[in-house]
Participant: 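Attaching a single structure in structure tokens format; questions to follow.
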Amino acid sequence: MPKRWKETSVFESEFERNLFELRKSKLQQIEALGQAAYPNQFPFSHTLAAIRAEWNETTAESLEATRVTVAVCGRLMAIRAQGKAGFATLQQGGQRLQIYVRKDAVGDDGFALYKLLDLGDHIGVTGYLFRTRTGELTIHVERLTFLAKAMLSLPEKFHGLADLEMRYRQRYVDLFTNLDSREVFVKRSKVLKALRKYLDERNFLEVETPMMQQIAGGAAARPFKTHHNALDIDLFMRIAPELYLKRLVVGGLDRVYEINRNFRNEGISVKHNPEFTMLEFYQAYANYQDLMQITEEMVEYVAREVNGTPITEFNGRTIDLSKWTRLTMKEAILQYWPEEAGPKPATTAFENLDVLKARLVAAVDSLQKAIEAIKPVEPAPVAEGEAPSEPPVANVRLRELKTIASALIELGNEIEKNIPLGKAVYHLFEAVAEPFIYDPTIVYEYPTVVSPLSKQKPDDPEHVERFEFFVGGFELGNAFSELNDPEEQHKRFEDQLKERAAGDDEAHAMDEDYVRALSYGLPPTGGEGMGIDRLTMLLTGKKSIRDVILFPLMRQEKAKEEEG
RNA sequence: GAGCUCGUAGCUCAGCUGGUAGAGCAACGCCCUUUUAAGGCGUGGGUCCUGGGUUCGAAUCCCAGCGGGCUCACCA
């Protein structure tokens, strides 16, 4: 049996149900004044932004001398009534503008309508610009038009919607009550525009490849599974567009890019959302060196387009996206090697698993001594009404060292299982270097064993022409010279199958059609992927990926009542 | 998955060592023709996340659960 409207869980309380009824009766009164309850359009002459752009600095005298009549619309965000007159604040396009309504200017019906308005209502007004006693640019309203009613009450007008859960779940409220939130998504759109502009100007072709795939390839990750009924086949949501994009380069589309969602069935964190947006681009006849240059240039370009500067504040640090460092993976390990872990690994540690293992054992030992030596500092008591200060430096370092130590212990256990040397070096890099790389850094020379799709260095088959780039403590992207030898690719897939058989459920799947595509000849090609959510985080200073995704994945709320 | 932490009116929050729930905003009524977190007077509004337990008595203490946040784990 269908539920009656009033019993739906649209409403959170009796308070809201009653308010809804009250607003309905106001709507009827508004109709009685000759206004439509839900009109279709309003022909405005200016956006609020346009008014700000043109008259923000115009003096009161000048506005009085040359009367400017405008028609604007927006949502009411504040109402300050004063008997037979009143002010209100209109919000539209992320801008606000004050309006002034006087009974003698809008007439009895117009003023009756003003009295029936609530916070959140949409209205249109026609009138002329003036400045109030305090100098604020204001529209002196001559005609009010009702446009749509807010049937629920708005969040507290001074603090806005503060509850993070509600901001994520009810983003529609967050967006109009917290304009800084809106600004993040405006910037996100600028990031996408800037990337497209950069690539389009270089003759890249934007393409779209399957997001439902029979083999989820192109990355190491667990996929989501779904099913097509008519064909009765299982499909995977893609974890990367990589293999399809390279098929396109085989097909003669020399420069392609795709900006869209990838889906990975993994944990959720401040840096991870199950669906996330990725840019991937491929350029024929280029190698990873060319990509390094493009990366540095493109990130800086986007920062300037979005923020007007390559400087950004992130997680309490100032980052200059125009200044890049390039390190080999081993250099990065040595540079970020914590002094508390004792002597840095010798060159031989990167060539021999046993030597590496011995160094790790010593490092863990040294780290544990250092950890014991640090006395955690009691955080300063928080005075009433003050924000808690940053945690003491010693405590932060203590936590970091603990994290490194446990990662190294874990790595030691992995080595016991005789993992390939390259994989061990890579994990070592992830443990000691990656989380600490704040300034823009390109890390190159990756072990072949962790790079099944990259091309080996001509003089060193143990390493590939690949780099990842890191900013703000996380990986921003990944790029390499594409492996285009079909026989070698087939062998790498086979190796991955062995890894999978050995228990690595994120090892790459075999994709024979991809090998077949390579068999027709992929020109030398450089390809790169970049996380757009993370780039947006950097450029907006947001620490959590949820703050740059409009509708981040949330657990389902417990049903408030049985479904009817 | 683990640890820490939070959940009180539509919203933002207070509520001490247990004594039966408060403020501001929002809402409703009245006053107010240059206000701007407008103001003044008055009114209504609560399954204190849920379920157990301890107690004469629980928003408060204990246990379990649900949901959020952070940290860790997971995650090229």
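Letters A, B, ... are given to chains in the order of the sequence lines, protein chains preceding strands, and every chain is numbered from 1. Everything numeric in this text was worked out from a predicted model, so none of it was measured.
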Participant: Measuring only the P atom in each nucleotide, how far is B:U60 from B:A27? A whole number of Å is fine.
Facilitator: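 Between the two P atoms, the distance is 32 Å.
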Participant: So, does A:Arg169 get its side chain near the phosphate of B:G68, meaning an N or O under 4.0 Å from OP1 or OP2?
Facilitator: yes
Participant: Given the side-chain rings of A:Phe15 and A:Phe20, with only the six-membered ring counted for Trp, is the space between their centroids under 6.0 Å?
Facilitator: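 No: the rings miss the under 6.0 Å criterion.
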Participant: With heavy atoms under 4.0 Å as the rule, sort A:Ala78 into base, sugar-phosphate or nothing.
Facilitator: nothing
Participant: The criterion is side-chain hydrogen bond (donor to acceptor under 3.5 Å, both in side chains); which residues satisfy it with A:Asp460, sequence neighbours excluded?
Facilitator: A:His463
Participant: Taking the six-membered ring for Trp and the full ring for Phe, Tyr or His, determine whether the centres of A:Tyr446 and A:Tyr426 are under 6.0 Å apart.
Facilitator: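 Close enough - the centres of the two rings lie under 6.0 Å apart.
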Participant: To the nearest Å, how far apart are A:Met554 CE and B:G7 C1'?
Facilitator: 14 Å
Participant: Mind calculating the distance between CD (A:Glu165) and P (B:C70) to the nearest angstrom?
Facilitator: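 Rounded to whole Å, this separation is 12 Å.
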Participant: With a cut-off of less than 4.0 Å, is there a side-chain N or O of A:Arg555 near OP1 or OP2 of B:C66?
Facilitator: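 Answer is no, no contact under 4.0 Å.
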Participant: From the list B:G68, B:U71, B:A38, which nucleotide is the closest neighbour of the side chain of A:Lys543?
Facilitator: B:U71
Participant: In whole angstrom, what separates A:Ile268's CD1 from B:C72's C1'?
Facilitator: 16 Å
Participant: To the nearest Å, give me how far apart CG (A:Leu76) and C1' (B:A37) are.
Facilitator: 17 Å
Participant: By the 4.0 Å heavy-atom rule, please label A:Glu430 as base, sugar-phosphate, or nothing.
Facilitator: sugar-phosphate
Participant: What nucleic acid atoms does A:Pro452 come within less than 4.0 Å of, heavy atoms only: base, sugar-phosphate, or nothing?
Facilitator: base
Participant: Scan A:Glu400 against the nucleic acid and name what it touches under 4.0 Å (heavy atoms): base, sugar-phosphate only, or nothing.
Facilitator: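 No contact.
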Participant: Please give the distance between the C1' atoms of B:U5 and B:A23 as a whole number of Å.
Facilitator: 25 Å
Participant: Scan nucleotides 31-34 of chain B against the protein and return all N/O pairs shorter than 3.5 Å with their distances rounded to 0.1 Å.
Facilitator:
residue: B:C32; atom: N3; partner: A:Gly83; partner atom: N; Å: 3.2
residue: B:C32; atom: N4; partner: A:Gly83; partner atom: N; Å: 3.4
residue: B:U33; atom: OP2; partner: A:Gln82; partner atom: O; Å: 3.3
residue: B:U33; atom: OP2; partner: A:Lys84; partner atom: N; Å: 3.1
residue: B:U33; atom: O2; partner: A:Arg102; partner atom: NE; Å: 2.9
residue: B:U33; atom: O2; partner: A:Arg102; partner atom: NH1; Å: 3.2
residue: B:U33; atom: O2; partner: A:Arg102; partner atom: NH2; Å: 2.8
residue: B:U33; atom: N3; partner: A:Asp104; partner atom: OD2; Å: 3.3
residue: B:U34; atom: O2'; partner: A:Arg133; partner atom: NE; Å: 2.8
residue: B:U34; atom: O2'; partner: A:Arg133; partner atom: NH1; Å: 3.0
residue: B:U34; atom: O2; partner: A:Arg133; partner atom: N; Å: 2.7

Participant: For residues 108-119 of chain A, which side-chain donor-acceptor pairs fall under 3.5 Å, sequence neighbours excluded?
Facilitator:
residue: A:Tyr114; atom: OH; partner: A:Phe87; partner atom: N; Å: 3.4
residue: A:Tyr114; atom: OH; partner: A:Phe87; partner atom: O; Å: 3.1
residue: A:Asp118; atom: OD1; partner: A:Lys26; partner atom: NZ; Å: 2.7
residue: A:Asp118; atom: OD2; partner: A:Arg23; partner atom: NE; Å: 3.1
residue: A:Asp118; atom: OD2; partner: A:Lys26; partner atom: NZ; Å: 3.1
residue: A:Asp118; atom: OD2; partner: A:Lys149; partner atom: NZ; Å: 2.9

Participant: Just checking A:Thr403: base, sugar-phosphate only, or nothing, at a heavy-atom cut-off of under 4.0 Å?
Facilitator: sugar-phosphate
Participant: Restricting to side-chain hydrogen bond (donor to acceptor under 3.5 Å, both in side chains), what partner residues turn up for A:Gln91, sequence neighbours left out?
Facilitator: A:Arg96
Participant: Would you kindly give the NE2-to-C1' distance between A:His427 and B:C75, to the nearest whole Å?
Facilitator: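 So the two atoms are 11 Å apart, to the nearest Å.
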Participant: Which pairs, protein N/O on one side and nucleotides 25-29 of chain B N/O on the other, fall under 3.5 Å?
Facilitator:
residue: B:A26; atom: OP1; partner: A:Lys157; partner atom: NZ; Å: 2.9
residue: B:C28; atom: OP1; partner: A:Lys26; partner atom: NZ; Å: 2.5

Participant: What residues from residues 269-278 of chain A pass a heavy-atom cutoff of under 4.0 Å to RNA chain B?
Facilitator: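 A:Val270, A:His272, in order of number.
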